[in-house]
Amino acid sequence: MHSTDTLPTRRSRLERLADCRPDVVVVGGGITGAGIALDLTLRGVRCLLVERGDWGSATSSASSRLIHGGLRYLEHFELGLVRESCLERALLLRNASGIVWPETFLFPVHRGDRVGLTRLGCGLALYGLLSLPRSLGVPGLMSRQRAALRVPGMEAGRLRGAGHYLDGATDDARLTLAVVSTAIRSGALAISRLELTALVPGASTSALQLRDTLTGDMHELTARAVVLAGGPFTEELRGRASLGGTWISPTRGTHIVVPRDRLPTDGAVIFPSAVDGRVVFLIPWPRYTTIGTTDLDADPGEPIRATPEEVRYLLDTANALVPLADLEEKDVVSTWAGLRPLLAAPEADPSARSREERVEREGGVYTIAGGKLTGYRSMAEKLCRRLTGELGIGDTGRRSKTRSHRLHGAMENGPTRPHWSRLDALGHAVGRERPLVHAWAKRYGALAPEVRRLCGAVEHGETELDPETLLGEVDWAVAQEDCRGLSDFVLRRTDLGYGPRSALSGALPGVEDRMASLLEWSDEEKARRRAELDSDLARMHGWRDAGREME
């Protein structure tokens with residue numbers, strides 16, 4: 001499912017839309033909608049997937065980039081959610097191998113912490129049992145001496161020891177893209193930048209009106225069923241079908257990115273914040289460490305961006321754990337923020353709200369909301385089993401083919417924990433001299449050799465944009481990954497936009513010219529795509545100006 005399996009052009013997919021007679025239309029191209037489209041297609045159902053922006057451009061590219069069972073959910077006794085997540089993690093590590101990889105996690109325990117070593121040990125033992133029979137390994141406890149080596153500079157005076165276990169990690173935007181690509185290559189019709197503007201539910205068929213956000217063209221069609229998978233924008237979508245109700249109580253999660261040499265860790269770290277006690281992660285990337293996340297009530301209608309207070313909170317939290325890091329605001333390379341589509345609930349504490357999903361049918365319209373990244377496949381399986389059974393179409397079996405179907409780009413052999421997340425004896429990241437190799441391994445999985453060949457074949461394709469990115473990747477993203485805008489490339493196809501702003505400024509003219517040529521942009525379209533990127537970058541970096549205004 002590689003080089004001979006070229007992605008159909010957007011133009012050709014739009015031409016198919018004119019004669020499209022789908023059984024089901026899925027609205028929302030995040031991980032949930034993508035998973036549903038893939039499941040339906042593998043069940044033999046004619047499916048259309050539409051997304052008003054880029055694939056995964058909202059919540060599904062703004063998570064903590066973890067595929068995890070949810071150790072911290074044990075505190076709320078959500079045992080079913082933890083077990084399901086552990087099983088889904090195992091399936092992803094097999095079916096999305098390389099796109100998803102195993103990562104070690106350290107849970108340091110200091111004297112006076114709310115969770116002591118005994119309680120943590122019991123929790124880890126239960127976590128291991130809930131993951132059977134697909135356990136990643138045996139979790140357990142380690143000494144304070146070994147724990148201190150895993151996080152150089154960690155405050156050791158009160159350190160009593162640590163728990164350790166294995167979970168998974170991913171690039172969330174690229175995982176979403178892989179699911180969409182797999183659905184298309186399996187027979188689904190999927191088109192991004194196609195917005196639902198009206199939906200009229202009916203007893204046997206529903207009528208939809210769609211607008212191409214690139215051209216303004218309108219398209220009308222009917223389907224036997226419509227699935228609304230809008231994440232934090234669920235209620236907005238339901239409003240277009242004249243459906244009401246309170247579904248979502250979203251929270252905002254913010255992450256910050258700092259250079260890896262300023263905060264090196266051997267694997268990921270999970271720990272309670274000394275500021276307010278909520279759980280925070282340190283997560284390694286090839287050249288950076290990310291710190292997150294916050295959990296604050298949010299309004300989907302407001303700009304989704306980091307605030308100066310959140311950045312300061314995350315810095316203070318990291319410095320309390322690793323005093324020698326002494327991180328300052330000038331160390332923050334970039335930020336990102338996203339909305340968690342949590343179900344509406346009376347709990348005052350946003351962190352306590354359930355991560356489970358809700359599904360309702362109203363005539364021919366199904367709405368799905370809630371859930372989390374790790375469980376997307378299971379969510380899709382349950383919904384699609386119900387939908388096919390109620391409509392009497394396709395494979396109505398309880399077990400979906402997605403349990404064994406490999407995603408496009410998955411490696412044949414299961415990956416090991418990446419070298420770039422490890423530290424050597426001196427506390428330095430292993431393999432620092434090969435950032436391109438490490439970044440491409442997690443970016444492209446089994447497709448990395450093909451991307452390398454394309455970069456060598458196109459003009460100036462091997463020009464370095466930054467240590468992890470080549471110019472020829474623009475050609476690949478446009479031809480093979482449905483990339484339609486500058487933000488798509490620098491924020492979701494690559495991590496170019498998460499590096500230093502100065503490096504992006506130097507690389508952007510080349511990216512812009514290459515994309516304009518490949519996509520035949522007019523001057524007006526080029527200006528629109530640049531404005532779109534400028535708006536996204538303002539959200540990522542605007543906290544600095546906001547902080548100065550408050551002084």
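Heavy-atom basis, side chains included; hydrogens, waters and symmetry copies ignored.
There is no side-chain donor-acceptor pair under 3.5 Å between S505 and R501. No hydrogens or angles considered: nothing links the side chains of S61 and R492 as a donor-acceptor pair under 3.5 Å. With 3.5 Å as the limit, one finds no donor-acceptor pair spanning the side chains of W285 and D495. A donor-acceptor contact under 3.5 angstrom links the side chains of T251 and R340, judged on distance only. In this model, a donor atom of one side chain and an acceptor atom of the other lie less than 3.5 Å apart for R150 and T104. Side-chain atoms of E103 and S421 include a donor-acceptor pair closer than 3.5 Å.
Taking a cutoff of 4.0 Å between a charged side-chain nitrogen and a carboxylate oxygen, R89 and D167 qualify as a salt bridge. Salt-bridge check for R119 with E75: passed, with a basic side-chain N closer than 4.0 Å to an acidic carboxylate O. The pair R312-E309 does not meet the salt-bridge criterion, since no charged nitrogen lies less than 4.0 angstrom from a carboxylate oxygen. E329 and R544 are not joined by a salt bridge, as no carboxylate oxygen comes within less than 4.0 angstrom of a charged side-chain nitrogen. Using a 4.0 Å cut-off between charged nitrogen and carboxylate oxygen, R484 and D54 do not count as a salt-bridge pair. Salt-bridge check for E302 with R252: failed, with every basic side-chain N at 4.0 Å or more from each acidic carboxylate O.
To the nearest 0.5 Å, the span separating CG on D488 from CD on E481 amounts to 10.5 Å. Put simply, OG1 on T494 and CD on E473 are 6.5 Å apart, with the number rounded to the nearest 0.5 Å.
Between L126 and L79, some side-chain heavy-atom pair lies under the 4.5 Å cut-off. L533 is not listed as a side-chain neighbour of R529, based on a closest heavy-atom distance of 4.5 Å or more. Between L74 and L130 the shortest side-chain heavy-atom distance falls below 4.5 Å. Looking only at side-chain heavy atoms (C-beta outward), L177 and R174 come within less than 4.5 Å of each other.
Other residues, nucleotides and ligands contribute more than 12 heavy atoms inside 6.0 Å of the CZ atom of R262. Within 6.0 Å of the CZ atom in R83, the count of heavy atoms belonging to other residues, nucleotides or ligands exceeds 12. No more than 12 heavy atoms of other residues, nucleotides or ligands shown are found within 6.0 angstrom of CD on E459. When the shell of 6.0 Å around NE2 of H541 is examined, it contains more than 12 heavy atoms from other residues, nucleotides or ligands.
For Y127 and Y165, the gap between ring centers is short of 6.0 Å.
Classified by interplanar angle (parallel below 30°, tilted 30° to 60°, perpendicular above 60°), the ring pair W336/H255 is parallel. Between W101 and W420, the two ring planes are perpendicular [angle over 60°; tilted spans 30° to 60°].
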